[in-house]
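What follows is one structure encoded as structure tokens, with my remarks underneath.
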Amino acid sequence: MAVTRAEVAALAGVSPAVVSYVINGGPRPVSDKARRRVESAIEELGYRPNAIASALRGGMTRSIGLLTPSPRNPFFAEVAEALVGELFQRGNTLSIGITDDDPSREALYLRSFLDRRVDGLIVTSVRAMATLAELRPDGVPTVVFDRVGEAERSDSVSSVHIDNGQAAAYTVEHLQEHGHRTIACIAGPWPVALSAERIEGWRTQQERVGADASNALVEHAEFSEAGGREAALTLLGESSRRGSAGAPVPTALFVESDTQAFGAILACHELGLRVPEDVAIAAIDGTAAGRFVQPSLTSYRQPIVEMARLAVGTLLEHIHAPGLAPVHSVLRGNLVIGRSCGCEPRT
């Protein structure tokens with residue numbers, strides 16, 4: 001049979017209310033001596049608080065729900081790992097719903113999290129704002145992580161993301177420094193605000209040096225290896241036809257995500273094109289997986305650990321003080337140099 005709070009209190013020589021104060025961190029203070037007795041009794045008896053029952057009584061579950069597209073994408077695997085680490089250090093657990101960016105899955109997991117009375121939500125989804133607007137998880141603090149654009153900022157939920165336009169322009173500028181002017185863009189699915197901001201960064205930087213920034217050099221694709229491969233085949237596979245028709249032939253690819261870039265590198269191999277000799281490639285995300293493709297990937301690293309720290313800190317602040325105004329954190333990263341752009345990697 002499960003150990004009860006009353007049994008812990010009897011062994012520790014305190015009231016059940018004091019046991020509750022120790023477990024929940026209040027609302028009343030507990031002396032160090034009594035706290036040690038309670039903690040010793042909990043360990044000896046193997047007591048496990050009933051989080052759901054506590055939540056029903058108006059307490060906290062210390063559980064956070066995460067909606068994420070897929071752990072197959074190394075970026076989101078690293079995000080989940082960073083969030084777990086931050087939450088664990090603060091005494092919280094993370095429940096993960098894998099959505100594959102499917103709106104019906106997002107809705108199902110979100111309802112499940114709300115039914116289980118999670119204390120807060122972290123959402124990484126290309127359709128995050130639409131899903132939240134539709135289901136309206138009122139009263140549950142929420143942070144949208146990464147996949148949100150400036151135009152999508154909400155007055156009801158907080159957000160943490162990089163400056164997408166700056167990241168794209170900085171990455172494209174690096175390719176330009178290698179002498180490239182016809183730089184094609186493999187973008188995310190349309191219409192996604194984050195993708196549009198990265199396209200705008202690419203276009204602004206191309207126009208800054210008087211290079212081609214026409215829509216003919218933009219190909220939308222899913223944020224996946226398959227999406228990147230198909231987009232690269234479309235942009236590069238018809239190079240001979242494009243050249244004969246007077247259309248620009250790309251000598252470099254700016255890719256909006258690492259996972260798309262992995263597919264683009266494969267497409268180049270299939271077309272008999274050498275990377276970076278024939279086609280240079282640079283992306284955004286900066287995942288550790290980029291070091292292990294051939295050639296190693298040059299990519300703008302998102303500061304995932306810092307983003308996770310801000311997301312968790314913001315979320316917990318709103319859990320403990322629900323009236324706080326939303327916080328929108330916009331960060332910048334750095335370029336991780338691999339061989340795919342034509343550089344020798346830096347150590």
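Side-chain atoms are counted along with the backbone in the values below, which use heavy atoms only and exclude waters and symmetry mates.
For the atom pair C343 SG and E177 CD, the distance stands at 8.5 Å (nearest 0.5 Å). Atom-to-atom distance recorded for D163:CG and L331:CG is 10.0 Å, nearest 0.5 angstrom. For the atom pair H269 NE2 and R274 CZ, the distance stands at 12.0 Å (nearest 0.5 Å). Taking CD1 from I64 and CD1 from I96, the interatomic distance works out to 12.5 Å, rounded to the nearest 0.5 Å. Here R181 contributes atom CZ and I183 contributes atom CD1; the two are 7.5 Å apart, rounded to the nearest 0.5 Å. To the nearest 0.5 Å, the span separating OG1 on T251 from CG on D278 amounts to 10.0 Å.
Side chains of S70 and T99 form no contact here, defined as non-hydrogen atoms less than 4.5 Å apart. Looking only at side-chain heavy atoms (C-beta outward), R116 and S95 come within less than 4.5 Å of each other. Looking only at side-chain heavy atoms (C-beta outward), S329 and V327 come within less than 4.5 Å of each other. Between I162 and P303 there is a side-chain heavy-atom pair separated by less than 4.5 Å. For the pair E317 and L324, the minimum side-chain heavy-atom distance is below 4.5 Å. Residues D119 and V140 have side chains not in contact (no heavy-atom distance under 4.5 Å, counting atoms from C-beta outward). Side-chain contact between V312 and L83 is present, with heavy atoms from C-beta onward closer than 4.5 Å. Considering only heavy atoms from C-beta on, L11 comes within 4.5 Å of E44 through its side chain.
Side-chain atoms of H318 come within 3.5 Å of backbone atoms of A325 as a donor-acceptor pair (strictly under, hydrogens ignored). A donor-acceptor contact shorter than 3.5 Å is absent between the side chain of T298 and the backbone of I337. A donor-acceptor pair is defined here as one N or O able to donate and one able to accept, closer than 3.5 Å; such a pair exists between the side chain of S299 and the backbone of G286. Checking side-chain atoms of Y21 against main-chain N and O of P29 turns up no donor-acceptor pair under 3.5 Å. Between the T314 side chain and the L310 main chain, a donor and an acceptor come within less than 3.5 Å of each other. Within the 3.5 Å criterion, the main-chain N or O of A187 finds no donor-acceptor partner in the side chain of H220. E200 places no side-chain N or O within donor-acceptor distance of the main-chain N or O of G165, the cut-off being under 3.5 Å.
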Inset, instruction - With side chain to side chain contact (heavy atoms under 4.5 Å, CB included) as the test, would you mind laying out the steps for Y300 and N334 before giving the verdict? - result: CA-CA 6 Å; Y300 185 95; N334 64 286; over 6 Å; no

Inset, instruction - Under the side chain to side chain contact (heavy atoms under 4.5 Å, CB included) rule, what do E197 and L194 come out as? Steps first, then yes or no, please. - result: CA-CA 5 Å; E197 290 179 356; L194 169 150; 5.6 Å; no

Inset, instruction - Would you check, one step at a time, whether the test side chain to side chain contact (heavy atoms under 4.5 Å, CB included) holds for V38 with I42? - result: CA-CA 6 Å; V38 170; I42 288 173; 3.9 Å; yes

Legend entry - salt bridge (charged side-chain N to carboxylate O under 4.0 Å, His left out) between E270 and R229, worked out: CA-CA 10 Å; E270 292 175 351; R229 173 180 174 273; 3.1 Å; yes

Inset, instruction - List the steps, then state whether side chain to side chain contact (heavy atoms under 4.5 Å, CB included) holds for C185 with I199. - result: CA-CA 7 Å; C185 173; I199 291 173; 4.2 Å; yes

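Between the side chains of Q260 and E225, no donor-acceptor pair is found at a separation under 3.5 Å. A side-chain donor-acceptor contact under 3.5 Å links R198 and N164. Neither side chain, Q206 nor R203, offers a donor N or O lying under 3.5 Å from an acceptor on the other. Remark: the T287 side chain and the D285 side chain contain no N/O donor-acceptor pair separated by less than 3.5 Å.
The only option from L67, L110, L66 that meets the side chain to side chain contact (heavy atoms under 4.5 Å, CB included) definition with V123 turns out to be L67. Of the listed residues (R208, H180, Q205), just one forms a side chain to side chain contact (heavy atoms under 4.5 Å, CB included) with V172, and that residue is Q205. With F75 as the fixed residue, the side chain to side chain contact (heavy atoms under 4.5 Å, CB included) test singles out one of T259, I284, D146, D258: D146.
Under the 4.0 Å criterion applied to side-chain N and carboxylate O atoms, R90 and E86 are assigned as salt-bridge partners. Under the 4.0 Å criterion applied to side-chain N and carboxylate O atoms, R36 and E39 are not assigned as salt-bridge partners. Salt-bridge check for R72 with D100: passed, with a basic side-chain N closer than 4.0 Å to an acidic carboxylate O.
Summarising the local packing, OH of Y170 is surrounded by 12 or fewer heavy atoms from other residues, nucleotides or ligands at distances under 6.0 Å. Environment of CD in E43: sparse, with no more than 12 heavy atoms of neighbouring residues, nucleotides or ligands closer than 6.0 Å.
Scanning both residues, S63 and N92, for their nearest heavy atoms gives N-OD1, 4.5 Å. Across every non-hydrogen atom of G97 and F113, the tightest pair is N-CZ, 3.7 Å. The nearest pair of heavy atoms linking L315 to P141 is CD1-O, 3.3 Å. The two residues R5 and Y47 come nearest to each other via the heavy atoms NE-OH, 3.2 Å. Across all their heavy atoms, A267 and A232 have their closest contact at CB-CB, 3.7 Å. In terms of heavy-atom proximity, A289 sits nearest to E78 at N-OE2, 4.4 Å.
Residues L253 and V336 fall into different hydrophobic clusters, defined by Ile, Leu, Val, Met, Phe, Trp and Tyr side chains chained together at heavy-atom separations under 4.5 Å. Placement of L297 and L266 in two distinct hydrophobic clusters is found when ILVMFWY residues are connected by side-chain heavy-atom separations under 4.5 Å, directly or transitively. I265 and L271 fall within a single hydrophobic cluster, where Ile, Leu, Val, Met, Phe, Trp and Tyr are joined by side-chain heavy atoms under 4.5 Å apart, directly or via other members.
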